[in-house]
Novice: 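Supplied in structure tokens, the structure appears directly below.
Worth knowing before you read on, the calculation uses all heavy atoms, side chains too, and leaves out hydrogens, waters and symmetry mates.
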Amino acid sequence: MEFSSLKYFITKLEKIDLPGDSFHHQLAPLFRQKELETLSEQRKNANYAGVVSLLYPKNGEIHMAFILRKTYKGVHSNQIGFPGGRYEEVDLNLERTALRETEEEIGVEANKIKLIKPLTQLYIPPSNFLVYPFLCYVDFEPSFVLQESEVENIIEIPLSICLDKNNLNTEIIQASYAKNVEVPAFNFNGNVVWGATAMILSEIRELFSRIA
């Protein structure tokens with residue numbers, strides 16, 4: 001998808017309703033679907049976080065930025081996700097959280113990131129976070145600077161590949177709370193995106209399919 005077409009897409013995206021939780025659930029692991037139905041009370045006491053699904057031009061195409069998190073003693077160790085993080089009291093709102101954390105993690109200045117659309121919030125039981133995703137863009141190719149303490153690598157994927165249904169399959173994953181479990185996932189040339197990130201991407205994919 002050519003970056004020159006992004007402004008046309010933005011105009012359309014701004015006018016349509018969010019697909020919502022049903023498209024999150026399509027990419028939720030089976031064990032997670034059952035949990036989400038029974039965790040309404042726990043969700044009330046969740047921590048808050050904001051993440052950015054960042055679009056930008058690279059070689060004339062729209063790309064999306066993902067991060068590979070460092071290996072650490074935590075539930076999201078060595079997983080692929082969107083840049084972002086925990087809400088702090090200095091933040092005016094969750095959008096500000098997402099932009100601040102994105103600048104910290106991948107070096108894209110918050111004041112240069114433009115909002116396209118807030119996406120549907122998503123609860124993550126293992127870490128007890130209620131995540132607010134934001135679909136955003138910059139109109140230049142970023143020079144990424146990684147936060148060494150948290151980010152192992154940046155993964156740049158053309159949006160056309162992110163939206164391609166042929167890249168959606170099932171994978172066997174390993175996590176601190178789930179071993180050898182089959183989950184729905186996107187596989188981008190060996191980069192496996194599953195869990196909350198895949199659920200957010202599922203909603204993004206549906207948004208773009210509605211304006212195609």
Side-chain angles (χ1 to χ4, degrees), residues 1-29 32-33 36-37 40 43 46 48-58 60-66 80-84 87 91-99 101-102 108 110-124 129-142 155-169 184-186 188 193-212:
M1 301 172 70
E2 294 184 359
F3 188 79
S4 58
S5 63
L6 182 59
K7 288 188 177 180
Y8 165 80
F9 293 137
I10 291 172
T11 301
K12 297 289 186 181
L13 289 168
E14 289 174 339
K15 296 177 180 177
I16 63 175
D17 294 334
L18 292 173
D21 288 337
S22 62
F23 286 88
H24 286 166
H25 291 169
Q26 289 181 11
L27 269 291
R32 183 72 69 239
Q33 291 180 22
L36 290 172
E37 294 172 359
S40 58
R43 178 170 174 159
Y48 292 92
V51 301
V52 168
S53 301
L54 184 66
L55 305 179
Y56 58 95
K58 185 180 177 71
E61 284 190 82
I62 305 172
H63 278 63
M64 181 175 283
F66 298 82
I80 294 173
F82 292 117
Y87 171 81
D91 298 327
L92 297 175
N93 50 45
L94 270 299
E95 180 184 345
R96 175 59 193 166
T97 299
L99 297 179
E101 285 282 347
T102 295
V108 182
N111 61 6
K112 294 182 179 178
I113 299 174
K114 302 174 184 179
L115 176 67
I116 299 174
K117 196 177 190 71
L119 302 173
T120 303
Q121 63 193 49
L122 174 66
Y123 179 61
I124 305 177
F129 269 95
L130 187 59
V131 174
Y132 287 72
F134 298 88
L135 182 61
C136 300
Y137 77 101
V138 292
D139 53 13
F140 57 91
E141 182 176 349
I155 300 169
E156 303 179 76
I157 303 175
L159 182 61
S160 58
I161 292 177
C162 293
L163 303 182
D164 187 346
K165 292 182 179 180
N166 293 323
N167 293 315
L168 177 59
N169 212 315
F186 296 95
F188 303 128
V193 176
W194 66 281
T197 305
M199 294 163 74
I200 294 168
L201 188 54
S202 174
E203 183 174 49
I204 294 171
R205 192 180 68 169
E206 177 61 19
L207 279 170
F208 275 91
S209 74
R210 293 182 182 186
I211 62 172

Novice: Can you check side chain to side chain contact (heavy atoms under 4.5 Å, CB included) on Leu122 and Glu203, steps first, answer last?
Specialist: CA-CA 11 Å; Leu122 174 66; Glu203 183 174 49; over 6 Å; no
Novice: About how many Å separate CG of Leu54 and CE of Met64, when rounded to the nearest 0.5 Å?
Specialist: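 Answer for the CE-CG pair, Met64 versus Leu54, is 8.5 Å.
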Novice: Please name the pair of heavy atoms, one in Asp164 and one in Asn166, separated by the smallest distance, quoted to 0.1 Å.
Specialist: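 Taking every non-hydrogen atom into account, OD1-N, 2.9 Å.
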Novice: Given side chains that start at C-beta, do those of Thr120 and Phe23 come closer than 4.5 Å, heavy atoms only?
Specialist: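 No, every pair of side-chain atoms sits at 4.5 Å or beyond.
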Novice: Between Asn93 and Tyr132, is any pair of side-chain heavy atoms under 4.5 Å apart?
Specialist: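 Not in contact.
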Novice: I would like to know whether Phe186 and Leu27 meet side chain to side chain contact (heavy atoms under 4.5 Å, CB included); could you show each step before the answer?
Specialist: CA-CA 9 Å; Phe186 296 95; Leu27 269 291; 4.0 Å; yes
Novice: Please check if the number of heavy atoms outside Glu2 that lie under 6.0 Å from its CD is greater than 12.
Specialist: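 Atom CD in Glu2 is not crowded, with 12 or fewer foreign heavy atoms closer than 6.0 Å.
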Novice: Could you walk me through whether Arg205 and Lys165 pass the side chain to side chain contact (heavy atoms under 4.5 Å, CB included) check?
Specialist: CA-CA 9 Å; Arg205 192 180 68 169; Lys165 292 182 179 180; 3.7 Å; yes
Novice: Could you pull out the closest heavy-atom pair between Pro83 and Thr102, with the gap in Å?
Specialist: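 Minimum heavy-atom contact is O-OG1, 3.7 Å.
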Novice: Work out which heavy atom in Leu115 is nearest to a heavy atom in Pro118; give both atom names and the distance.
Specialist: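 Leu115 and Pro118 have their closest heavy atoms at CD1-N, 4.0 Å.
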Novice: Between Pro57 and Phe140, what is the shortest heavy-atom contact and its length?
Specialist: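 Minimum heavy-atom separation between Pro57 and Phe140: CD-O, 3.3 Å.
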Novice: So do the side chains of Trp194 and Thr197 get within less than 4.5 Å of each other, counting heavy atoms only?
Specialist: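 Contact flag for Trp194/Thr197 side chains = no.
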Novice: So which atom in Phe129 and which in Tyr123 form the shortest heavy-atom distance, rounded to 0.1 Å?
Specialist: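 Heavy atoms only, the tightest pair is O-CD1, 3.3 Å.
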Novice: Could you check if a side-chain atom of Met1 sits within less than 4.5 angstrom of a side-chain atom of Leu163, using non-hydrogen atoms only?
Specialist: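 Counting from C-beta outward, Met1 and Leu163 do come under 4.5 Å.
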Novice: So, taking the atom named CD in Glu156 and the one named CZ in Phe188, what distance separates them when rounded to the nearest 0.5 Å?
Specialist: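 So the CD of Glu156 and the CZ of Phe188 are separated by 14.0 Å.
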Novice: Just verifying a value: how many Å separate Leu99 CG and Lys114 NZ, rounded to the nearest 0.5 Å?
Specialist: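 Rounded to the nearest 0.5 Å, the CG-NZ separation comes out at 13.0 Å.
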Novice: Which heavy atom of Ile200 sits nearest a heavy atom of Val51, and at what distance?
Specialist: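 Taking Ile200 first and Val51 second, the nearest heavy atoms are CD1-CG2, 4.2 Å.
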Novice: Please report the interatomic distance CZ(Phe134) to CD1(Ile113), rounded to the nearest 0.5 Å.
Specialist: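 Rounded to the nearest 0.5 Å, the CZ-CD1 separation comes out at 12.0 Å.
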Novice: If the condition is side chain to side chain contact (heavy atoms under 4.5 Å, CB included), which residues does Asp17 pass it with, not counting sequence neighbours?
Specialist: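 Counting only residues at least two positions away or on another chain, Asp17 forms no side chain to side chain contact (heavy atoms under 4.5 Å, CB included).
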Novice: With a 4.5 Å limit on heavy-atom distance, are the side chains of Ile204 and Cys162 in contact?
Specialist: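 Ile204 does not reach Cys162 side chain to side chain.
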Novice: Measuring from atom CG of Leu201 to atom CG of Leu207, what distance do you get when rounded to the nearest 0.5 angstrom?
Specialist: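 Leu201 atom CG to Leu207 atom CG measures 11.0 Å (nearest 0.5 Å).
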Novice: For a 4.5 angstrom cut-off between non-hydrogen side-chain atoms, does Leu13 reach Phe208?
Specialist: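 Yes; the side chains approach each other to less than 4.5 Å.
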Novice: For residues Cys136 and Ile116, determine if any side-chain heavy atom of one lies less than 4.5 Å from a side-chain heavy atom of the other.
Specialist: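 Not touching, per the 4.5 Å side-chain cut-off.
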Novice: If only atom types and distance count, is the side chain of Ser202 paired as donor or acceptor with the main-chain N or O of Ala198 below 3.5 Å?
Specialist: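 Checked: no pair found.
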Novice: Just jot down the side-chain hydrogen bond (donor to acceptor under 3.5 Å, both in side chains) partners of Arg210, sequence neighbours excluded, or say none.
Specialist: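 side-chain hydrogen bond (donor to acceptor under 3.5 Å, both in side chains) check on Arg210 returns Glu206.
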Novice: How far apart are the C-alpha atoms of Phe9 and Ile62, what are their side-chain angles, what is the distance that settles it, and do they pass the side chain to side chain contact (heavy atoms under 4.5 Å, CB included) test?
Specialist: CA-CA 11 Å; Phe9 293 137; Ile62 305 172; 4.3 Å; yes
Novice: For Phe82 together with Phe66, are the ring centres under 6.0 Å from each other?
Specialist: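 Yes, they do, as the ring centres are separated by less than 6.0 Å.
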Novice: Just checking Tyr8: does its OH atom have more than 12 heavy atoms from other residues, nucleotides or ligands closer to it than 6.0 angstrom?
Specialist: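 Counting other residues, nucleotides and ligands, OH of Tyr8 stays at 12 neighbours or fewer.
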Novice: Just verifying a value: how many Å separate Ile10 CD1 and Leu55 CG, rounded to the nearest 0.5 Å?
Specialist: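 Reported value, rounded in 0.5 Å steps: 8.0 Å.
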Novice: Does some side-chain heavy atom of Lys117 sit less than 4.5 Å from a side-chain heavy atom of Leu18?
Specialist: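 Yes, their side chains come closer than 4.5 Å.
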